[in-house]
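The basis for the numbers below is simple: all heavy atoms, side chains too, and nothing from hydrogens, waters or symmetry mates. Since the structure is predicted, the reported quantities are computational estimates derived from the model, not experimental observations. Nothing fancy with the numbering, it's 1 onward along the sequence.
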Amino acid sequence: MTVVKSTIPEAARQVTGDALQSTLVDLLGLSLIGKQAHWNVVGPRFRSIHLQLDEVVTAARDFADTVAERSSALGLPPDGRPETVASAFTLPGPKEGWVRDSEVVGLMVESLEAAIARLRERIEATESADPVTQDLLISITAELEKQRWMFDAENWPRED
C-alpha cells in the first residue's frame, strides 16, 4: 500500500528507494558506532576524540532523518527499526569494552571509508533515476569525507 504518491516513475523509485534505505541503515549504524566509541574511548587524546565522535554522531543522525524524509516524500516508507539495521548493517564496528584512542581513530577512518564507498555507488546509481536524491547523497558524502579526513589526521604520523 502506497500512502504517498511518488513524483518519479516506478523503476526510478525502486533504484532510489534502495539507495535511500541502505544509506539510512549505514547512517543509523554509523551513529551507533560513534556513540559506542564515544562512551568507551580511553587514552591521552580522549577529550578531543570524544568530542569529535559527537560531531560524527550528530551528522549521521541529522542525515538519517533527512534521508528517511526523502524516502517518505517519494512514497517509500523508511525502515529504521533496530532489527532492520542489525540485519542489514555491514560497516566495521568497535570491539566490546574500552578502546584505545588510536584504535578508535582507525575504526572511524575504516567505517567512514566503507560508508563513503557505498555512498559513491549509490550516487552513480541515482544519477538518472533521481538527481534530487543524488544531490542529497553527494552532500552526505562530502560531510563524511570531511569527518574521515579529520580522524585520519589524528593518527599522523602513522604508527604502522
Side-chain angles (χ1 to χ4, degrees), residues 6-41 49 52-96 99 102-156 158 160:
S6 181
T7 57
I8 61 176
E10 184 57 30
R13 191 172 86 103
Q14 277 306 124
V15 169
T16 302
D18 291 346
L20 289 167
Q21 180 58 40
S22 54
T23 299
L24 179 62
V25 167
D26 281 356
L27 290 168
L28 292 173
L30 193 57
S31 74
L32 294 172
I33 288 171
K35 267 305 178 188
Q36 182 67 21
H38 172 88
W39 297 322
N40 290 287
V41 64
I49 292 171
Q52 190 174 347
L53 287 163
D54 268 342
E55 289 179 27
V56 171
V57 169
T58 298
R61 288 179 177 170
D62 288 348
F63 281 131
D65 189 53
T66 302
V67 164
E69 289 176 354
R70 176 71 186 150
S71 185
S72 293
L74 295 175
L76 300 159
D79 190 352
R81 295 173 300 153
E83 59 270 23
T84 301
V85 174
S87 69
F89 188 71
T90 61
L91 298 179
K95 65 181 186 178
E96 184 179 348
V99 185
S102 58
E103 290 177 43
V104 167
V105 168
L107 167 69
M108 292 309 297
V109 168
E110 185 181 2
S111 295
L112 287 162
E113 281 177 357
I116 290 162
R118 291 168 51 96
L119 275 162
R120 288 189 169 278
E121 291 171 4
R122 295 176 200 132
I123 288 168
E124 193 173 315
T126 56
E127 180 178 12
S128 61
D130 183 25
V132 175
T133 295
Q134 183 193 41
D135 186 56
L136 171 60
L137 299 178
I138 289 168
S139 296
I140 295 168
T141 302
E143 177 61 27
L144 295 187
E145 285 178 336
K146 180 181 112 182
Q147 292 296 331
R148 191 215 59 82
W149 156 63
M150 294 175 87
F151 275 106
D152 199 31
E154 285 279 349
N155 274 349
W156 192 89
R158 300 254 186 265
D160 1 274

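Heavy-atom minimum distance, Val57 versus Lys35: CG2-N, 3.6 Å. The nearest pair of heavy atoms linking Asp79 to Gln21 is O-NE2, 2.8 Å. In plain terms, the two heavy atoms of Leu24 and Ala64 that are nearest each other are CD1-O, 3.4 Å. Between Pro78 and Ser72, the shortest heavy-atom contact is CD-OG, 3.2 Å. Counting all heavy atoms, side chain and backbone alike, Ala37 lies closest to Leu53 at C-CD1, 3.6 Å. The nearest pair of heavy atoms linking Leu74 to Ser6 is O-CB, 3.1 Å.
Between atom CD1 of residue Ile8 and atom CD of residue Gln14 there is a gap of 9.5 Å, rounded to the nearest 0.5 Å. Rounding to the nearest 0.5 angstrom, the gap separating the CZ atom in Phe151 from the CZ atom in Arg148 is 11.5 Å. Note: His38 NE2 to Ile33 CD1 = 15.0 Å, rounded to the nearest 0.5 Å. Remark: Thr126 OG1 to Leu137 CG distance equals 5.0 Å, nearest 0.5 Å. Distance CG/Leu28 to CZ/Arg81: 12.5 Å, rounded to 0.5 Å. Annotation: the span from Arg61 atom CZ to Thr66 atom OG1 amounts to 14.5 Å, rounded to 0.5 Å.
Taking 4.0 Å as the cut-off between side-chain N and carboxylate O, Arg70 and Asp130 count as a salt-bridged pair. One finds no salt bridge joining Glu55 and Lys146 here, because no Lys/Arg side-chain nitrogen approaches an Asp/Glu carboxylate oxygen to under 4.0 Å.
With contacts defined as side-chain heavy-atom distances shorter than 4.5 Å, the pair Leu91/Asp26 qualifies. The shortest distance between side-chain heavy atoms of Glu103 and Lys95 falls below 4.5 Å. Side-chain contact between Gln52 and Glu154 is present, with heavy atoms from C-beta onward closer than 4.5 Å. Considering only heavy atoms from C-beta on, Val41 stays 4.5 Å or farther from Val99 through its side chain.
For Asn40 (side chain) and Gln36 (main-chain N/O), a donor-acceptor pair under 3.5 Å exists by modelled atom type. In this structure, Ser111 contributes its side chain and Pro92 its backbone to a donor-acceptor pair below 3.5 Å.
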Using the rule given for side-chain contact (heavy atoms from CB on, under 4.5 Å), can you reason through Val25 versus Thr90, listing the C-alpha separation, both sets of side-chain angles and the distance that settles it, and then say yes or no? CA-CA 9 Å; Val25 167; Thr90 61; over 6 Å; no
Derivation and outcome, side-chain contact (heavy atoms from CB on, under 4.5 Å), residues Leu112 and Asp152: CA-CA 10 Å; Leu112 287 162; Asp152 199 31; over 6 Å; no
In sequence, state the C-alpha distance, the side-chain angles, and the governing distance for Glu113 and Glu145, and then conclude on side-chain contact (heavy atoms from CB on, under 4.5 Å). CA-CA 8 Å; Glu113 281 177 357; Glu145 285 178 336; over 6 Å; no
Using side-chain contact (heavy atoms from CB on, under 4.5 Å), reason through Val67 and Ile140 one step at a time and then give a plain yes or no. CA-CA 10 Å; Val67 164; Ile140 295 168; 3.5 Å; yes
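Side-chain contact, Asn155 with Ser102: no donor N or O sits under 3.5 Å from an acceptor N or O. Thr16 and Arg13 are not linked by any side-chain donor-acceptor pair at a separation below 3.5 angstrom, with hydrogens and angles left out of the test. Of the N and O atoms on the side chains of Thr23 and Arg122, at least one donor lies less than 3.5 Å from an acceptor on the other residue. Between the side chains of Arg118 and Ser22, no donor-acceptor pair of N or O atoms lies under 3.5 Å.
For CD of Glu10, the number of neighbouring non-hydrogen atoms (other residues, nucleotides, ligands) closer than 6.0 Å is greater than 12.
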